[in-house]
Participant: 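Let me begin by handing over the structure; questions about it come next.
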Amino acid sequence: MAGQGPPPKDKRTRGRDNAVRDVIKSDGKIGGFDLPNDVLPLIPEKDRDPDYGEGEDEREEWHPQTVRWWNHWRESPQAARMLTEVDWDYLLDTALLHHQMWMSGGKNSERAAEIRLRVAAFGATVADRLRLRQEIEVPEEYPVGNVKDAQIVDLDERRRALGG
């Protein structure tokens, strides 16, 4: 099984071993570019829409999950670190793998391992960011999780209501 072992701990036992982490802060901008349609495969002649323009190449549309995934990367704090066209091209190649995996309906799940390795290089998960020695700075006013739908209740108040 591919992987890199367990992620390093936040704090090591020896003070001199504690790594200095790069703090990633969102710049509030949307990075990269919209997903281009010209990289998607052509729809075979037999499956094309007869009302589609004559002589034009009809291509697949991006899977909605891939569009969502791509936009999350564009809005992420990591996008502020992706400074070159090459970074975004590498992520675009990964998006194509992501699209193909979703379009297959789970039949091409072997692509998931490659996608996982590729997004780890950008710090997709907490464990990936620990390995990269990165930390994301979350401003106070920035809600973590889906707070708009949550009903937050004080724990002591809840205990009193339950009779405890």
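These numbers come from a predicted model, not from an experiment.
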Participant: Spell out, yes or no, whether I30 and W69 are grouped together once hydrophobic residues are joined by side-chain heavy atoms under 4.5 Å, including indirect joins.
Facilitator: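 No: no chain of side-chain contacts under 4.5 Å links I30 to W69.
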
Participant: Once side-chain hydrogen bond (donor to acceptor under 3.5 Å, both in side chains) is applied, do any residues pair with T66, and if so which ones, sequence neighbours excluded?
Facilitator: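 Here the qualifying residues are H98.
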
Participant: State, with a plain yes or no, whether a side-chain heavy atom of R129 is found less than 4.5 Å away from one of V126.
Facilitator: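 Result yes, sub-4.5 Å side-chain heavy-atom pair found.
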
Participant: Applying salt bridge (Lys or Arg N to Asp or Glu O under 4.0 Å), which residue pairs with at least one partner in residues 29-40 are found, sequence neighbours left out?
Facilitator: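 Applying salt bridge (Lys or Arg N to Asp or Glu O under 4.0 Å) to every pair that reaches into residues 29-40, excluding sequence neighbours, yields D34-R74.
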
Participant: Linking I/L/V/M/F/W/Y whenever any side-chain heavy atoms sit under 4.5 Å apart, do I24 and V119 land together?
Facilitator: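 Shared cluster, no.
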
Participant: Hey, quick one: are Y90 and V39 part of the same hydrophobic cluster, counting side-chain heavy atoms closer than 4.5 Å, chains of contacts allowed?
Facilitator: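 Same cluster: Y90 reaches V39 through Ile, Leu, Val, Met, Phe, Trp or Tyr contacts under 4.5 Å.
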
Participant: I need the minimum non-hydrogen distance between A121 and L132, along with the two atoms involved.
Facilitator: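 In terms of heavy atoms, the two residues are closest at O-CD1, 3.7 Å.
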
Participant: Who pairs with W88 by side-chain hydrogen bond (donor to acceptor under 3.5 Å, both in side chains), at least two apart in sequence or on another chain?
Facilitator: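 Partners of W88 under the side-chain hydrogen bond (donor to acceptor under 3.5 Å, both in side chains) test: none.
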
Participant: For side-chain contact (heavy atoms from CB on, under 4.5 Å), just list the numbers for L97 and M101, CA-CA rounded to whole Å, side-chain angles, deciding distance to a tenth of an Å, and then say yes or no.
Facilitator: CA-CA 6 Å; L97 291 171; M101 181 183 73; over 6 Å; no

Participant: Mind checking side-chain hydrogen bond (donor to acceptor under 3.5 Å, both in side chains) for H99 and listing every partner two or more places apart, or none if nothing turns up?
Facilitator: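 side-chain hydrogen bond (donor to acceptor under 3.5 Å, both in side chains) check on H99 returns E60.
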
Participant: Going hydrophobic residue to hydrophobic residue with side-chain gaps under 4.5 angstrom, can you get from L42 over to L96?
Facilitator: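 No; L96 is not reachable from L42 via cluster members.
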
Participant: Sequence neighbours left out, what passes side-chain hydrogen bond (donor to acceptor under 3.5 Å, both in side chains) with T125? Give chain and number order.
Facilitator: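 Expected list: D128.
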
Participant: Closest approach of D87 and R81, non-hydrogen atoms and distance?
Facilitator: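 For D87 versus R81, the nearest heavy atoms are OD2-O, 4.1 Å.
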
Participant: What distance do L35 atom CG and W62 atom CH2 have between them, rounded to the nearest 0.5 Å?
Facilitator: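 It comes to 5.0 Å.
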
Participant: Quick one: list whatever passes side-chain contact (heavy atoms from CB on, under 4.5 Å) with S76, sequence neighbours left out.
Facilitator: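 Partners of S76 under the side-chain contact (heavy atoms from CB on, under 4.5 Å) test: W73, Q78, A79.
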
Participant: Enter the distance from R133:CZ to R131:CZ here, rounded to the nearest 0.5 Å.
Facilitator: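 R133 atom CZ to R131 atom CZ measures 12.5 Å (nearest 0.5 Å).
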
Participant: Please answer: with hydrophobic residues joined when any side-chain heavy atoms are less than 4.5 Å apart, are L40 and L91 in the same cluster?
Facilitator: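 L40 and L91: one cluster.
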
Participant: Do other residues, nucleotides or ligands put more than 12 heavy atoms under 6.0 Å from the CD atom of E61?
Facilitator: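 No, because the 6.0 Å sphere around CD of E61 holds 12 heavy atoms or fewer from other groups.
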
